[in-house]
Amino acid sequence: MDQFRVEFYEDRNGDRPAELFLDSLDIKMRTKLVMIMKVLQEKGNELREPYSKHVTDGIFEIRGKAGSNISRALYFFYRGGKIIVTNGFVKKTQKTPVEEIEKAKKYRKDYLERYGES
């Protein structure tokens, strides 16, 4: 099996939206998502529901639940086994918010422009 490595997307200003999101969560939810990221790093594209799900157009989500709280972190795969986590959100509706998906796509586009197409 290939080696995978989870990394946070970093914008041109050095901000890491997914890391900032994780830091904003309570300890239980943060721990849950970090544990799932570790499993994602081990399993890569073999990780499936309930931990990971393809959302659209090469964007996937890590799915965390602690009590009645639900959080998601969006990511995409890049060459060399890199998994780039772009952003996250607390889920309040059935569907993944379109603006969060668009944000992940925008971050992926920026990443690919700076580091090359996969």
Side-chain angles (χ1 to χ4, degrees):
M1 181 188 288
D2 289 347
Q3 288 285 78
F4 291 95
R5 190 170 72 248
V6 172
E7 297 181 3
F8 291 112
Y9 162 78
E10 188 174 299
D11 69 16
R12 294 171 194 266
N13 298 323
D15 294 328
R16 296 176 170 189
E19 192 172 56
L20 292 171
F21 168 71
L22 281 174
D23 289 345
S24 75
L25 296 172
D26 67 58
I27 190 71
K28 274 188 173 180
M29 183 62 80
R30 184 179 325 131
T31 301
K32 184 79 152 192
L33 287 177
V34 168
M35 294 293 285
I36 295 170
M37 285 182 199
K38 287 181 180 179
V39 174
L40 176 62
Q41 192 161 271
E42 291 171 21
K43 303 276 188 187
N45 54 2
E46 293 180 3
L47 188 63
R48 301 282 188 262
E49 289 191 53
Y51 306 108
S52 175
K53 181 180 178 186
H54 180 255
V55 179
T56 184
D57 190 31
I59 301 292
F60 296 80
E61 67 180 8
I62 295 168
R63 307 159 61 107
K65 184 172 185 190
S68 61
N69 298 324
I70 300 171
S71 291
R72 302 285 191 254
L74 300 176
Y75 67 95
F76 64 92
F77 290 94
Y78 186 66
R79 67 176 165 228
K82 287 185 183 179
I83 299 168
I84 310 299
V85 183
T86 56
N87 55 305
F89 59 96
V90 174
K91 193 159 187 217
K92 298 182 190 292
T93 62
Q94 275 299 104
K95 296 189 88 169
T96 301
V98 174
E99 61 270 15
E100 295 295 338
I101 296 170
E102 291 306 313
K103 202 182 293 181
K105 287 180 179 180
K106 180 181 102 176
Y107 293 156
R108 178 179 62 189
K109 182 177 187 289
D110 174 62
Y111 186 90
L112 295 176
E113 285 172 357
R114 290 190 290 145
Y115 300 105
E117 293 289 329
S118 57

Considering non-hydrogen atoms only, spot the tightest contact between [X] and [Y] and give its length.
| X | Y | result |
| --- | --- | --- |
| His54 | Ile59 | CD2-O, 3.6 Å |
| Ala18 | Val85 | CB-CG1, 3.6 Å |
| Thr86 | Pro17 | O-CB, 3.5 Å |

### Message
Under the criterion side-chain contact (heavy atoms from CB on, under 4.5 Å), I'd like the reasoning laid out for Met37 against Leu22: C-alpha separation, chi angles, the key distance, then a yes or no.
### Response
CA-CA 12 Å; Met37 285 182 199; Leu22 281 174; 3.7 Å; yes
### Task
Check Phe4, Tyr51, Phe60 against Tyr75 for a ring-ring contact (aromatic ring centres under 6.0 Å, His included) and give me the one that passes.
Phe60
Kindly compute the distance separating [atom1] ([X]) from [atom2] ([Y]), expressed to the nearest 0.5 Å.
| X | Y | atom1 | atom2 | answer |
| --- | --- | --- | --- | --- |
| Ile62 | Leu40 | CD1 | CG | 5.0 Å |
| Lys43 | Ile36 | NZ | CD1 | 13.5 Å |
| Leu33 | Ser71 | CG | OG | 5.5 Å |

### Task
Mind running salt bridge (Lys or Arg N to Asp or Glu O under 4.0 Å) on Glu99 and Lys103 for me, showing each step along the way?
CA-CA 6 Å; Glu99 61 270 15; Lys103 202 182 293 181; over 6 Å; no
### Stepwise side-chain contact (heavy atoms from CB on, under 4.5 Å) check, Asn69 with Val90
CA-CA 8 Å; Asn69 298 324; Val90 174; 5.8 Å; no
### Message
Is there a side-chain contact (heavy atoms from CB on, under 4.5 Å) between Ile84 and Arg108? Walk through the geometry before answering.
### Response
CA-CA 8 Å; Ile84 310 299; Arg108 178 179 62 189; over 6 Å; no
### For Tyr115, all residues meeting ring pair (Phe, Tyr, Trp, His ring centres under 6.0 Å), sequence neighbours excluded
Tyr111
### Query
Out of Glu61, Lys53, Arg72, which residue meets the side chain to side chain donor-acceptor pair (under 3.5 Å) rule with Thr96?
Glu61
### Message
Checking Lys106 against Asp110 for the salt bridge (Lys or Arg N to Asp or Glu O under 4.0 Å) test, could you report, in this order, the C-alpha distance in whole Å, the side-chain angles of both residues, the deciding distance, and whether it holds?
### Response
CA-CA 6 Å; Lys106 180 181 102 176; Asp110 174 62; over 6 Å; no
### Query
Tell me the ring pair (Phe, Tyr, Trp, His ring centres under 6.0 Å) pairs involving residues 84-108, sequence neighbours left out?
Tyr9-Tyr107
### Message
Could you check whether Glu113 pairs with Lys109 (Lys NZ or Arg NE/NH1/NH2 to Asp/Glu carboxylate O, under 4.0 Å)?
### Response
yes
### Task
Report yes if the side chains of Arg12 and Arg114 come closer than 4.5 Å at any heavy-atom pair, otherwise no.
yes
#### Entry: Any donor-acceptor N/O pair, Lys65 side chain to Ser68 backbone, under 3.5 Å
no
### Message
For residues Leu25 and Val39: do they belong to one hydrophobic cluster (side chain heavy atoms under 4.5 Å, members Ile, Leu, Val, Met, Phe, Trp, Tyr)?
### Response
yes
#### Entry: Of all pairs that satisfy salt bridge (Lys or Arg N to Asp or Glu O under 4.0 Å), the ones with a partner from residues 19-34, not counting sequence neighbours
Arg16-Glu19
